[in-house]
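Heads up: the structure comes next, in structure tokens.
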There are 2 protein chains.
Amino acid sequence: MASTTEENYLKALYNLSNSQGEVNISELAQSLGVSMPTANSMVKSLQKTDLVVYEKYKPVTLTPKGQKEAALIIRKHRLTEMFLVKKMGFGWEEVHEVAEQIEHIHAPKFFERMDEMLGHPTIDPHGSPIPDNQGRMQEFSYTPLSSCKAGQIVQLTALTNSSTEFLEFLNSRKLSLGIEMKILSREAYDLSLVVSYADHLQETLSEKVSERLLVRIIG
Amino acid sequence: MASTTEENYLKALYNLSNSQGEVNISELAQSLGVSMPTANSMVKSLQKTDLVVYEKYKPVTLTPKGQKEAALIIRKHRLTEMFLVKKMGFGWEEVHEVAEQIEHIHAPKFFERMDEMLGHPTIDPHGSPIPDNQGRMQEFSYTPLSSCKAGQIVQLTALTNSSTEFLEFLNSRKLSLGIEMKILSREAYDLSLVVSYADHLQETLSEKVSERLLVRIIG
DNA sequence: ATAATATGTTAGACTATTCTAACAAATTTG
DNA sequence: CAAATTTGTTAGAATAGTCTAACATATTAT
């Protein structure tokens, strides 16, 4: 059984994997807030339990076994977030830290019950997909709002960043998942967008914000 | 902030404290399943953070600070057990292991919400008192069923042991908290008791069982 | 009260996870 | 393409928590 530390490495590797499933030691170290030698030595030890493939000076890759373990931890994280929001009255901006701890609990029934009580959800409160109990994660192909054109009508479906600060910003603008918005114009200078939604008739969103908002184009 | 390991030592010390609040190193070690030198060295380190008082070859004592920390961990454990039973459909025999992990989660709001959703319970599913959020635990003075007399009518209010095996035994006899039972007779030879309750008109309980059942005498 | 037993301590070692300093390889750039 | 920069590795050390073996103190029982 992987330790909490190992689980965190697996999760980071899963999230950092590029299209070829590769992760550099430096990215891994940075993402976990540890030094490169630390990441390096942990990667070597994950290799001994067949969770990653690794060769000196090459990027790291998760094995299928490592991918599955990682996805199952992410499943526990996202189920927990959903449970906290839907069943315990937490705001979507408050759940990350708690879920970060609860994802390491070893108690299959606990998460199965959450799953049942939530009606087997497929996305978490931030629109991210919840892997199934075999560790399979469905791929969504959402568009960043930043690459939409003036005149389009879109529905906010997910976020690429779920930091507390960003979520609090969205709260302050009454932006939540499911909301439909119309793109009124784009400022060529700074790529900010002017949009309207609900009772916000004219709201300006910086590029930094709009590239973190994932949408489905509905018109 | 105390580590998970330290929290487990505090909890054990709290539970093992005798009337003078003292615990021997050997008991502590045994209770945690570690060697005596391990317990000894941890006690020394707990002393550095003012959680225990300790002198060579003397028993260990929790400081008021240590007592409060311990009680607050026990509070999280028992709130969790109650939540699992009342809100997530767990049986009272399945909650201990999970609660043992969740008690170490650092997330005040998580436990406050449990507490609210449960209506500020004062006992857990096994009848043990839940310390308040200041770490104060109320004392109940229940009687072990084993020291009751034939003819008495009692209500089952708590257990002195909550092992899965014992709880499963109680389940098999349909014994649950709140049940009223009449003591029909006591066997002088092995101190077993014959009792009746609900639709069990004549059930024999060994001394081993009856001394683990705490009751309130109601007639 | 002394021997036998139980309890507690010290010393030294091991694993997991982390670090810094120094060095090596790979990549980028003028 | 060679120099500069970035990235990765090795070596060595630190801390937390654990162990066993050996020794010391306390307690119990004759």
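Within every chain, numbering begins at 1; the chains are lettered A, B, ... in the order of the sequence lines, protein sequences first and strands thereafter.
- For A:Thr63 (side chain) and A:Asp50 (main-chain N/O), a donor-acceptor pair under 3.5 Å exists by modelled atom type.
- As a whole-Å value, the separation of A:Glu27 CD from D:dG8 P is 8 Å.
- As rounded to whole Å, 16 Å separates atom P of D:dA24 from atom CG of B:Asn40.
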Report task. Would you give a per-nucleotide map of nucleotides 17-24 of chain C, 5' to 3', where B means the base has a protein non-hydrogen atom under 4.0 Å away, S means only the sugar-phosphate does, and - means neither? Result -> SBBBB---

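- Between the P atom of D:dG8 and the CD atom of A:Gln30 lies a distance of 12 Å, rounded to the nearest Å.
- Taking atom CD1 of residue A:Ile25 and atom P of nucleotide C:dT27, one finds them 14 Å apart after rounding to whole Å.
- Among the atoms of the strands shown, none is found under 4.0 Å from any heavy atom of A:Lys58.
- Side-chain N/O atoms of B:Asn24 and B:Ser26 include no donor and acceptor closer than 3.5 Å.
- Regarding A:Lys44, its NZ atom lies at a distance of 17 Å from the C1' atom of C:dT15, rounded to whole Å.
- Between A:Glu97 and B:Lys109, none of the side-chain N atoms (NZ, or NE/NH1/NH2) sits under 4.0 Å from a carboxylate O, so this pair counts as no salt bridge.
- Under a cut-off of 6.0 angstrom, the local environment of NZ in A:Lys58 is sparse, with at most 12 non-hydrogen atoms contributed by other residues, nucleotides or ligands.
- For the residue pair B:Asn8 and B:His104, a side-chain donor N or O sits within less than 3.5 Å of a side-chain acceptor on the partner.
- Atom CG of A:Leu28 is separated from atom C1' of D:dG8 by 12 Å (rounded to the nearest Å).
- The side-chain heavy atoms of B:Leu79 and B:Phe83, taken from C-beta on, include no pair separated by under 4.5 Å.
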